Number of protein chains: 2
Amino acid sequence: MRQADTAARPARERILDTAFRLFYARGPRGVGVDTVIADSGVAKATLYKHFPRKDDLVLAYLDTVDQTWFGQLRAAARDAGDDPRAQLVGMFDALANAARREGYHGCAFINTAAESETGSEVHARTVEHKRVVRAWVTDLARRAGAVDPDLLSRQLTMLIDGGLAVGVLDADPTAPDAAKAAARALIDASCPR
Amino acid sequence: MRQADTAARPARERILDTAFRLFYARGPRGVGVDTVIADSGVAKATLYKHFPRKDDLVLAYLDTVDQTWFGQLRAAARDAGDDPRAQLVGMFDALANAARREGYHGCAFINTAAESETGSEVHARTVEHKRVVRAWVTDLARRAGAVDPDLLSRQLTMLIDGGLAVGVLDADPTAPDAAKAAARALIDASCPR
DNA sequence: AAGCTAGCAGACAGGTCTGTCTATGCCAAG
DNA sequence: CTTGGCATAGACAGACCTGTCTGCTAGCTT
């Protein structure tokens with residue numbers, strides 16, 4: 001019976017799901033390994049078998065968030081049509097969707113970076129995430145014909161980060177709209193037609 | 001002799017200075033009370049006399065940051081001259097100065113909010129700070145003749161927050177310039193002349 | 001001179017944290 | 001049927017955390 005459960009949802013998955021939920025809500029440092037164990041219904045030895053150090057679990061958590069969030073960004077851009085300029089604007093729908101989500105608590109990467117030591121593996125992973133996203137936005141800006149794609153992508157990611165970051169303070173549903181409007185103005189000003 | 005020292009720098013001040021330095025660098029939760037005590041050369045009883053709970057010290061820390069940062073924002077705006085529109089742009093110099101500072105580690109409020117429980121006294125203080133700053137920017141936007149002062153102030157504070165927040169990941173000195181340029185574009189678009 | 005205030009030094013209790021280890025149960029493959 | 005692999009349950013060590021408490025020192029005031 002229990003075996004059937006674990007076949008349906010292997011221990012590793014249950015651990016990751018639980019870690020995702022708890023880490024995002026309280027921050028990795030605010031959640032003890034014992035809590036993850038209790039909530040995921042897994043034995044301590046099992047957790048430490050899959051993730052030898054807690055940091056390994058945190059890294060896996062960040063990878064999950066990276067895939068999810070980056071996927072949502074790309075999906076929002078794709079849904080905006082074929083025009084790269086429209087895609088840059090559409091990207092901001094991912095922010096609006098995130099802000100509306102139950103339990104929204106800002107940017108997992110900024111929140112985690114804030115409590116991780118600079119230079120640590122965890123910290124490096126957060127930096128890497130932002131680098132990848134920015135490279136993608138820069139490419140989009142280039143295809144949109146921006147005069148300075150690097151500058152535009154920096155401005156747009158800064159808007160997204162700002163919109164996300166304040167989510168940890170107050171989940172204001174109008175913030176994404178303001179960000180989107182600002183993005184539109186910046187894109188129009190940077191991409192001569 | 002020691003008494004002379006404490007007369008020159010009373011215990012409360014030394015505690016606050018040390019807490020400011022450590023809390024900003026590692027986050028309040030990443031610094032034990034014992035570390036503050038050791039670094040400030042104060043007795044445990046003295047610390048707990050001035051700050052009965054650790055959270056009281058964290059609140060005092062946030063108040064210090066609030067005064068400092070808000071002061072820098074207003075000073076940067078003032079230094080930009082009398083035109084409210086120029087003041088809105090000039091405000092971003094405070095961001096550039098902060099990013100250049102040794103030990104720059106992003107926004108103390110976002111970082112602290114990320115690790116404090118939603119609804120706690122500490123969390124409420126971070127929200128309050130952002131509210132006060134935004135009210136000030138909104139007023140400035142109104143005097144600058146913005147069509148929608150509330151929208152513009154939301155966009156500008158989002159840019160500042162984004163620029164500040166990513167500071168916890170990577171202290172990129174060009175980010176503030178990009179933010180300032182974006183602010184200029186948004187202000188020009190929002191304030192008909 | 002005596003008392004008061006402010007501060008220093010550090011032991012201590014009670015809790016939480018990570019990570020290790022032992023003992024046990026169950027299933028499937030050989 | 002037995003053996004190996006994977007899971008559970010939970011004790012345990014050692015570190016660190018907050019907050020309390022006792023004793024002591026030094027200067028200022030009365």
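What you see is a predicted model; the values in this text were computed from it and never measured. Chain identifiers are assigned alphabetically (A, B, ...) following the order of the sequence lines, protein sequences preceding nucleic acid strands; residue numbering begins at 1 within each chain.
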Lys/Arg-Asp/Glu bridge criterion (N-O < 4.0 Å) met for B:D34, B:K44: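 The answer is yes: the pair qualifies as a salt bridge.
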query: What is the nucleic acid contact for A:V31, judged by heavy atoms within less than 4.0 Å: base, sugar-phosphate only, or nothing?
result: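 Counting heavy atoms under 4.0 Å across all strands, the contact made by A:V31 is with sugar-phosphate only.
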query: Is A:I110 reachable from A:M158 through a run of I, L, V, M, F, W or Y residues, each pair having side-chain heavy atoms under 4.5 Å apart?
result: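 No, separate clusters.
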query: Can A:L159 be reached from B:L169 by stepping across I, L, V, M, F, W or Y side chains whose heavy atoms are under 4.5 Å apart?
result: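 Shared cluster, no.
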Could you work out which one of [options] sits closest to the side chain of [X]?
X: A:A43; options: D:dT8, D:dT20, C:dG19; result: D:dT8
X: A:K44; options: C:dG7, D:dT18, D:dC12; result: D:dC12
X: B:D34; options: D:dC12, D:dT18, D:dA7; result: D:dT18
X: B:Y48; options: D:dG19, D:dT8, C:dG7; result: D:dG19

Looking at [N], I'd like to know if its phosphate oxygens (OP1 or OP2) sit under 4.0 Å from a side-chain N or O belonging to [X].
X: B:R14; N: C:dC8; answer: yes
X: A:T46; N: D:dA7; answer: no
X: A:H50; N: D:dC6; answer: no

- prompt: Mapping A:A45 and A:G30 to their closest nucleotides on DNA chain C, which lands nearer the 5' end?
  reply: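 Taking each residue's closest nucleotide, the earlier one in sequence belongs to A:G30.
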query: Which comes earlier along DNA chain C counting from the 5' end, the contact point of A:P52 or that of A:T35, where each point is its nearest nucleotide?
result: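 The residue closer to the strand's 5' end, by nearest nucleotide, is A:T35.
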Output field: ring centroids B:F109/B:W69 closer than 6.0 Å: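 Not close enough - the centres of the two rings lie 6.0 Å or further apart.
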- prompt: Considering only heavy atoms and no angle criterion, is a donor-acceptor pair shorter than 3.5 Å present between the side chain of B:K49 and the base of C:dG7?
  reply: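 By the distance-only test, no, there is no pair.
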